[in-house]
Peer 1: 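Before I ask anything, here is the structure I am working with.
Values below: all heavy atoms of this structure, side chains included; hydrogens, waters and symmetry mates excluded. Since this is a predicted model, take the numbers as computed values, not measurements.
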Amino acid sequence: MDVLLHVFVGLHIIGIASLLGGFLTQMKAMGQGTARFVPAMLHGALTMLVTGVALVGLNEAQDHSVDNIKIGVKLAVLIVILGLVYVKRDDEKVEKPLFGLVGLLTVVNVFIAVLWT
């Protein structure tokens, strides 16, 4: 079961990398006002959602303690990210503040995961 847990942690990190990497590749375009949400960002956010739910389930199945408030906050932040990226995924360009918000929320989600103990 631990191997499965580690596989999902790895996939969760890949999802974060995809979302954040997609954002970072559009930084120059954001400065020019032509940034858009690339498919990697949507796929990364969906991967984070699915693997995050699986991680919570696997941890609870093993009777490990899960901080439900932390998970709830991370889920809420991810739902906002996912909603923004999904709704604007077909737009040719996304406004700078909205695009920047997705990047900021992604970084916030990473720091919640790492620093909230």
Side-chain angles (χ1 to χ4, degrees):
M1 190 76 117
D2 284 339
V3 173
L4 189 59
L5 191 66
H6 292 299
V7 167
F8 277 104
V9 168
L11 291 172
H12 196 69
I13 292 170
I14 289 170
I16 294 167
S18 180
L19 177 59
L20 190 58
F23 172 79
L24 293 174
T25 61
Q26 293 288 306
M27 288 285 291
K28 185 176 180 182
M30 185 175 81
Q32 299 168 348
T34 60
R36 60 185 303 264
F37 292 130
V38 295
M41 295 174 75
L42 178 62
H43 297 154
L46 287 170
T47 300
M48 288 174 61
L49 179 63
V50 171
T51 58
V53 169
L55 285 168
V56 170
L58 287 171
N59 275 301
E60 289 197 354
Q62 291 183 324
D63 288 330
H64 293 154
S65 64
V66 176
D67 187 345
N68 290 320
I69 296 173
K70 174 183 174 179
I71 299 303
V73 170
K74 284 183 56 57
L75 179 61
V77 171
L78 182 58
I79 294 295
V80 171
I81 293 169
L82 192 53
L84 291 173
V85 173
Y86 185 78
V87 168
K88 296 287 191 174
R89 72 188 184 282
D90 292 330
D91 291 1
E92 280 300 314
K93 58 182 178 177
V94 178
E95 301 81 20
K96 287 181 189 181
L98 187 61
F99 193 80
L101 177 64
V102 169
L104 176 67
L105 289 174
T106 302
V107 171
V108 165
N109 222 356
V110 169
F111 281 110
I112 289 171
V114 174
L115 299 177
W116 188 334
T117 55

Peer 1: How does the hydrophobic cluster around Val87 look, that is, which other residues are in it when side-chain heavy atoms under 4.5 Å mark a link?
Peer 2: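 ILVMFWY cluster around Val87 holds nothing else.
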Peer 1: Report yes or no: do Val77 and Leu84 belong to one cluster of Ile/Leu/Val/Met/Phe/Trp/Tyr joined by side chain heavy-atom distances under 4.5 Å?
Peer 2: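 Linked, Val77 and Leu84 end up in one cluster.
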Peer 1: side-chain hydrogen bond (donor to acceptor under 3.5 Å, both in side chains): which pairs involve residues 28-42, sequence neighbours left out?
Peer 2: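 Output for this query is empty, none listed.
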Peer 1: How many angstroms lie between atom OG1 of Thr47 and atom CG of Leu42, to the nearest 0.5 angstrom?
Peer 2: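 Separation between the atoms: 9.0 Å.
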Peer 1: Report yes if the side chains of Glu60 and Val56 come closer than 4.5 Å at any heavy-atom pair, otherwise no.
Peer 2: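 Sidechains of Val56 and Glu60: in contact.
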Peer 1: Is it the case that one hydrophobic cluster holds both Met30 and Leu24, taking links as side-chain heavy atoms less than 4.5 Å apart, direct or via other members?
Peer 2: yes
Peer 1: List the atom pairs, with distances to 0.1 Å, where a side-chain N or O of residues 89-97 and a protein N or O form a donor-acceptor pair under 3.5 Å, not counting sequence neighbours.
Peer 2:
{"unit_1": "Arg89", "atom_1": "NH1", "unit_2": "Tyr86", "atom_2": "O", "d": "2.6"}
{"unit_1": "Lys96", "atom_1": "NZ", "unit_2": "Gly31", "atom_2": "O", "d": "3.4"}

Peer 1: Provide the closest heavy-atom pair for Ala45 versus Leu82 in the form atom of the first, atom of the second, distance.
Peer 2: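 Here Ala45 and Leu82 meet closest at CB-CD1, 3.5 Å.
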Peer 1: Under a 4.5 Å side-chain heavy-atom rule over Ile, Leu, Val, Met, Phe, Trp and Tyr, are Val85 and Ile79 clustered together?
Peer 2: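 Per the 4.5 Å side-chain linkage, Val85 and Ile79 are co-clustered.
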Peer 1: Look up atom CG in Leu46 and atom CD1 in Ile81, then write down how far apart they are to the nearest 0.5 Å.
Peer 2: 12.0 Å
Peer 1: Linking I/L/V/M/F/W/Y whenever their side-chain heavy atoms sit closer than 4.5 Å, directly or via other members, would Leu55 and Val66 fall into one cluster?
Peer 2: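 Unlinked, Leu55 and Val66 end up in two clusters.
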Peer 1: Give every donor-acceptor pair under 3.5 Å between a side-chain atom in residues 100-116 and any protein atom, sequence neighbours left out.
Peer 2:
{"unit_1": "Thr106", "atom_1": "OG1", "unit_2": "Val102", "atom_2": "O", "d": "2.8"}
{"unit_1": "Asn109", "atom_1": "OD1", "unit_2": "Lys74", "atom_2": "NZ", "d": "3.2"}
{"unit_1": "Trp116", "atom_1": "NE1", "unit_2": "Asp67", "atom_2": "OD2", "d": "3.3"}

Peer 1: Taking ring-ring contact (aromatic ring centres under 6.0 Å, His included) as the cut-off, I'd like each qualifying pair that reaches into residues 21-65, sequence neighbours left out, listed once.
Peer 2: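 Counting only pairs at least two positions apart or across chains, the ring-ring contact (aromatic ring centres under 6.0 Å, His included) contacts touching residues 21-65 are Phe23-Phe99, Phe37-Phe99.
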Peer 1: Please set out all donor-acceptor pairs under 3.5 angstrom arising from side-chain atoms of residues 2-21, sequence neighbours excluded.
Peer 2:
{"unit_1": "His12", "atom_1": "ND1", "unit_2": "Met48", "atom_2": "O", "d": "3.3"}
{"unit_1": "His12", "atom_1": "ND1", "unit_2": "Thr51", "atom_2": "OG1", "d": "2.8"}
{"unit_1": "Ser18", "atom_1": "OG", "unit_2": "Ala40", "atom_2": "O", "d": "2.6"}

